[in-house]
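Step one of this worksheet: look at the structure below.
In what follows, every chain begins at residue 1, and chains take the letters A, B, ... in the order their sequences are listed. As the structure is a prediction and not an experimental result, all values here were calculated from the model.
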Amino acid sequence: MQSQAGFDAASDLLSNSFLAKLIMWGFVSALLYHFVAGIKHLIMDLGHCEELESGKLAAKVTLIVAGVLVLLAGVWIW
Amino acid sequence: MVTSITNFGRSGLYDWMMQRVTAVVLMAYTVFIIGYLLFSSDLTYAQWSALFENTFMRLFTLLAILSMAAHAWIGLWSVSTDYIKPTGIRFVFQSVCGLLAFVYVVWGIQILWGL
């Protein structure tokens with residue numbers, strides 16, 4: 001990507017190739033889930049959500065938030 | 001006491017702390033990049049390369065690359081010591097992780113500052 005051509009090739013690939021979009025979405029989704037779960041862990045490190053009920057709730061919230069972000073990423077990529 | 005030599009820092013606590021510190025750095029970098037991409041409609045090559053001409057951006061990116069190397073090493077080290085019991089295979093796995101981390105760091109520096 002040192003040149004305009006490289007940039008065009010990349011943007012062309014990402015806007016037209018189904019496989020490229022699928023792979024990109026896969027990686028972005030993994031990152032988003034890791035991101036949200038990581039934030040949950042940082043919160044837990046601060047001493048919150050450590051009991052059974054609060055922990056379970058935090059896990060559910062994490063899954064829901066990550067799911068929403070993954071869908072948004074899908075819309076953004078497609 | 002089991003003395004481990006393949007972990008990242010001198011002590012488990014150091015690794016624990018570094019994992020969190022690098023996570024925060026990576027979180028900031030991720031938010032920045034996603035924000036930048038969201039708010040720059042029809043991004044051009046000129047705009048994108050100009051962003052990385054900026055010294056602060058290069059340093060921030062280097063910090064993120066180094067953080068990712070450390071974050072990934074500590075994370076994967078934890079995974080490998082949990083799940084890969086046979087020492088030989090675990091050592092190969094960790095070596096490959098180390099090599100990949102090295103490749104990404106060198107490649108990143110080449111992209112940011114190389115000719």
Same apolar cluster (I L V M F W Y, side chains within < 4.5 Å links), [X]/[Y]:
| X | Y | result |
| --- | --- | --- |
| A/V70 | A/V36 | yes |
| A/F27 | A/L32 | no |
| A/W25 | A/L69 | yes |
| A/W76 | B/V31 | no |
| B/I111 | B/F32 | no |

- Message: Report, in residue-number order, which members of residues 91-99 of chain B are under 4.5 Å from chain A by heavy-atom distance.
- Response: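 Near chain A, by residue number: none.
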- Could you please state which residues from residues 15-28 of chain B sit under 4.5 angstrom from chain A, measuring non-hydrogen atom to non-hydrogen atom, sorted by number, or 'none'?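 Checking residues 15-28 of chain B against chain A gives B/W16, B/R20, B/V24, B/M27.
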- Item | Nearest-0.5 Å distance that lies between atom OH in B/Y45 and atom OG in A/S3 | 6.0 Å
- Are more than 12 heavy atoms from other residues, nucleotides or ligands located less than 6.0 Å from atom CZ of B/F102?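 Atom CZ in B/F102 is not crowded, with 12 or fewer foreign heavy atoms closer than 6.0 Å.
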- Query: Crowded around B/Y104 OH? As in, over 12 foreign heavy atoms under 6.0 Å?
  - Reply: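 No.
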- Item | Over all atoms of both residues, closest heavy-atom pair of B/T44 and A/F7 |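 Closest heavy-atom pair between B/T44 and A/F7: C-CZ, 3.7 Å.
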- B/T30 versus chain A, heavy atoms under 4.5 Å apart: side chain, backbone, both or neither? side chain
- Task: Evaluate the side-chain proximity of B/I34 to A/F35: yes if any heavy-atom separation is below 4.5 Å, no if none is.
- Result: no
